[in-house]
Amino acid sequence: KMITGIAGKMIVDCQTEMDDQFSLTLYAVNGTKLRSEELQLQKGTTRKEYTMIPGIYICELRNSRGEAVQQKMMVH
């Protein structure tokens with residue numbers, strides 16, 4: 001779940017059903033990779049918070065099996 005209603009902030013809540021290795025990648029809307037981070041997540045919810053300049057971003061979360069979810073977000 002992505003939360004973007006906070007000025008200059010992007011909050012990512014990652015909820016997993018098992019312990020796993022994930023990669024979290026943030027892209028500008030034009031496809032430029034801005035940040036990539038490897039995360040070892042435990043079962044449950046982990047919250048990551050990023051300070052971002054206002055704009056539109058794509059967030060991708062990918063697990064160790066290559067399954068991914070992407071979401072477009074707007075930071076005010």
Side-chain angles (χ1 to χ4, degrees):
K1 175 171 91 170
M2 316 298 175
I3 304 168
T4 59
I6 302 167
K9 298 276 185 190
M10 179 171 54
I11 299 170
V12 181
D13 282 341
C14 306
Q15 185 172 4
T16 61
E17 296 180 5
M18 66 178 87
D19 297 354
D20 201 353
Q21 180 76 24
F22 288 82
S23 65
L24 178 67
T25 307
L26 300 175
Y27 298 93
V29 73
N30 67 2
T32 304
K33 185 188 290 188
L34 302 173
R35 178 180 301 191
S36 186
E37 184 175 354
E38 295 296 318
L39 306 171
Q40 180 64 43
L41 299 182
Q42 307 270 329
K43 179 180 178 179
T45 302
T46 302
R47 177 171 279 194
K48 300 294 287 182
E49 184 175 315
Y50 300 96
T51 300
M52 307 290 287
I53 62 171
I56 298 173
Y57 300 93
I58 306 293
C59 182
E60 178 183 82
L61 186 65
R62 183 176 299 273
N63 66 17
S64 62
R65 295 176 303 283
E67 301 165 328
V69 294
Q70 297 177 338
Q71 185 171 339
K72 183 167 73 170
M73 300 163 290
M74 179 179 274
V75 175
H76 303 277

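Treat the numbers as computed from the prediction; the structure is a model and nothing was measured.
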Asn63 side chain vs Phe22 backbone, donor-acceptor pair below 3.5 Å: no
pair Lys33-Thr25: side-chain heavy atoms closer than 4.5 Å: yes
Distance, nearest 0.5 Å, that separates CD1 of Ile11 from CE of Met73: 11.5 Å
Verify same cluster id: Ile58, Leu39 (apolar side-chain graph, 4.5 Å): no
Pairwise distance CE(Met52) to CD(Glu49) - rounded to 0.5 angstrom: 12.0 Å
Hydrophobic cluster membership, Leu24 vs Met18, 4.5 Å side-chain cutoff: no
Leu26 side, atom CG; Leu61 side, atom CG - distance, nearest 0.5 Å: 10.5 Å
Cluster check Tyr50, Tyr27: I/L/V/M/F/W/Y, side chain < 4.5 angstrom: no
Any donor-acceptor pair under 3.5 Å from Thr16 side chain to Gln42 backbone: yes
Distance, nearest 0.5 Å, that separates CZ of Arg62 from CD of Gln21: 13.5 Å
Note, Glu37 side chain near Lys48 side chain (heavy atom, < 4.5 Å): yes
Pair Asp13-Thr45, side-chain hydrogen bond (donor to acceptor under 3.5 Å, both in side chains): steps then yes or no: CA-CA 6 Å; Asp13 282 341; Thr45 302; over 6 Å; no
Pairwise distance SG(Cys14) to CZ(Arg47) - rounded to 0.5 angstrom: 10.5 Å
Glu38 atom CD: more than 12 heavy-atom contacts under 6.0 Å: yes
